[in-house]
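Each remark here refers to the structure printed beneath this line.
Side-chain atoms are counted along with the backbone in the values below, which use heavy atoms only and exclude waters and symmetry mates. First the proteins, then the strands, lettered A, B, ... as listed; each starts at 1.
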There are 2 protein chains.
Amino acid sequence: MIQELKDNYGHLFENDLLNEINQVGTFKEVPEGFKMISIGDYVKAMPLLISGAIKILREDNDGDELLLYFLEKGDTCAMTLTCCLGQTKSEIKAIAETDAKLIMIPIQKMEEWSAKYKSWRNFVFESYHNRLNEMLETIDSIAFLKMDERLLKYLNEKARVSEDGTIRNTHQEIAYELHTSRVVISRLLKKLENLGEIKLHRNYITLLK
Amino acid sequence: MIQELKDNYGHLFENDLLNEINQVGTFKEVPEGFKMISIGDYVKAMPLLISGAIKILREDNDGDELLLYFLEKGDTCAMTLTCCLGQTKSEIKAIAETDAKLIMIPIQKMEEWSAKYKSWRNFVFESYHNRLNEMLETIDSIAFLKMDERLLKYLNEKARVSEDGTIRNTHQEIAYELHTSRVVISRLLKKLENLGEIKLHRNYITLLK
DNA sequence: AAAATAATGTAACCCTTGTTACACAAATTA
DNA sequence: TAATTTGTGTAACAAGGGTTACATTATTTT
């Protein structure tokens with residue numbers, strides 16, 4: 001494990017901290033689609049992402065959902081951070097977008113390291129900063145963009161975090177994550193295809209530009 | 001100043017920290033409507049809110065805006081926190097919703113206090129947590145609610161932070177903050193009035209329920 | 001191979017929201 | 001007080017996106 005830890009976090013943390021992480025952290029692999037956190041869960045460990053991508057979703061009372069953002073390697077979950085510290089329930093849902101590798105840190109260490117390591121504090125603060133900015137991006141999309149623009153942006157993000165640049169989702173799945181209906185997505189996808197932006201296939205989509 | 005500091009932050013911070021804040025912080029009063037931060041600004045001090053309310057807005061490239069949330073007494077601005085630490089530009093706009101009193105902390109102290117005071121770290125973490133949750137609330141509203149529901153929620157928040165419980169805004173101003181048009185707001189306000197939820201006047205609105 | 005299931009394409013329709021236009025009333029200024 | 005500006009009410013229409021319904025094609029199961 002130490003090697004993957006060094007590769008991804010070596011430039012962020014001093015050696016003492018890396019060694020501590022190596023000692024108390026547990027390595028974990030999750031398959032694509034694995035549900036890592038549900039709304040209402042109490043979180044008892046903090047993940048450091050080594051590889052893969054995790055999608056973070058919001059859900060309303062009717063079960064309608066909305067994609068907020070993706071976590072990628074080098075990221076951690078700011079929501080988890082606060083949940084751990086405050087002992088509050090999770091407000092979001094986390095699902096592995098691809099197969100992913102992570103190091104899980106027991107929450108007791110967080111307070112200790114925050115006092116001890118400047119690099120840890122900076123990491124936590126920067127993590128919050130990134131997450132807040134991603135939330136702003138999400139707000140920009142739903143507040144200021146029309147559905148076709150949102151869709152194109154969504155497809156680009158999906159392609160970025162996927163292994164091979166293709167989007168392996170059905171129209172229905174896309175509709176759920178954008179909180180709209182399958183018919184609307186099919187309609188707009190066809191429009192984007194006619195514009196030469198994408199190529200549609202059964203179960204997957206490729207970007208052309 | 002020490003009294004107002006104690007009243008609002010005494011239960012959060014230990015005495016040593018309160019004394020330090022008292023020494024290095026500068027007291028500031030701003031009138032309603034005062035523009036405290038614009039998008040792109042570099043922020044050089046962190047505010048601790050003593051009284052009044054600050055509204056935090058997002059703006060897109062066309063100058064369209066959207067109300068994100070209000071800061072009230074006991075709050076600080078998480079965005080500012082990260083801007084200070086990371087030396088990055090502000091992503092949001094902050095305007096005094098009411099007359100407000102604040103204590104401004106020079107940013108150099110933040111790193112120092114984060115190492116020194118557990119209560120400061122907790123305050124900062126909790127502040128991030130609150131802001132993330134408020135962003136989620138905002139996302140819920142724009143993603144899952146219809147405009148009439150958003151409007152009613154907006155009116156309730158406005159009334160909460162105002163001195164006397166009335167909403168002193170024109171329909172045009174409300175339209176800007178919800179990122180819609182004046183005609184839509186007038187239409188929905190009239191509907192809410194007919195439902196007995198509110199009473200309309202020129203330049204202000206009162207809630208009935 | 002036949003039947004069932006899953007994914008997509010598309011038409012027709014409706015509702016919410018956005019737009020344009022204009023009337024009228026209240027407040028401010030000349 | 002007359003003229004102008006500001007705020008509100010409302011009608012008529014347009015556009016985006018949500019809904020229902022059904023056809024077609026690909027894939028999986030029997």
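One interatomic measurement links the two molecules: CG of A:Leu189 to C1' of C:dA7, which rounds to 12 Å at whole-angstrom precision. Rounded to an integer number of Å, the gap from CD1 of A:Ile185 to P of D:dG16 is 16 Å. Between A:Arg202 atom CZ and D:dT24 atom C1' there is a gap of 11 Å when expressed in whole angstrom units. For the pair B:Lys191 NZ and D:dT8 C1', the interatomic distance rounds to 18 Å; values are reported in whole Å. Rounded to a whole Å, the OH atom of A:Tyr176 is 14 Å from the P atom of D:dG18. Between the P atom of D:dG7 and the CG atom of B:Leu200 lies a distance of 15 Å, rounded to the nearest Å. Taking atom CD on A:Gln172 and atom C1' on D:dT19, their separation rounds to 13 Å, with Å as the unit. When the C1' atom of C:dT8 is taken as reference, atom CG of A:Asn169 falls 15 Å away, rounded to whole Å.
Ion pairing between a basic and an acidic side chain is recognised when a charged N comes within 4.0 Å of a carboxylate O; B:Arg131 and B:Glu134 show such pairing. In summary, B:Lys158 and B:Glu97 engage in a salt bridge, as defined by a charged side-chain N under 4.0 Å from a carboxylate O.
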Q: Output, in order, the C-alpha distance, side-chain angles, deciding distance and verdict of side-chain contact (heavy atoms from CB on, under 4.5 Å) for B:Ile205 and B:Ile174.
A: CA-CA 11 Å; B:Ile205 301 168; B:Ile174 297 173; 3.8 Å; yes
Contacts under 3.5 Å, N or O only, protein and nucleotides 16-19 of chain C:
residue: C:dT17; atom: OP1; partner: B:Met147; partner atom: N; Å: 2.6
residue: C:dG18; atom: OP2; partner: B:Thr180; partner atom: OG1; Å: 2.3
residue: C:dG18; atom: N7; partner: B:Arg187; partner atom: NH2; Å: 2.9
residue: C:dG18; atom: O6; partner: B:Arg187; partner atom: NH1; Å: 3.3

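Side-chain contact check for A:Val184 versus A:Arg187: some heavy-atom pair is nearer than 4.5 Å.
At a cut-off of 3.5 angstrom, counting only N and O atoms as typed in the model, there is no donor on one side facing an acceptor on the other between the side-chain of A:Arg182 and the base of D:dG18.
The number of heavy atoms from other shown groups lying within 6.0 Å of OH (A:Tyr176) does not exceed 12.
Taking CG of A:Leu71 as the start and CD1 of A:Ile56 as the end, the distance is 4.0 Å to the nearest 0.5 Å.
Projected onto DNA chain D by closest heavy-atom contact, B:Ser186 and B:Glu173 fall at different nucleotides, the more 5' of which corresponds to B:Glu173.
Although no hydrogens or angles enter the test, the distance criterion places a donor-acceptor pair under 3.5 Å between the side chain of A:Glu173 and the main chain of A:Thr170.
Close to D:dG7, at under 4.0 Å from its OP1 or OP2, lies no side-chain N or O of B:His171.
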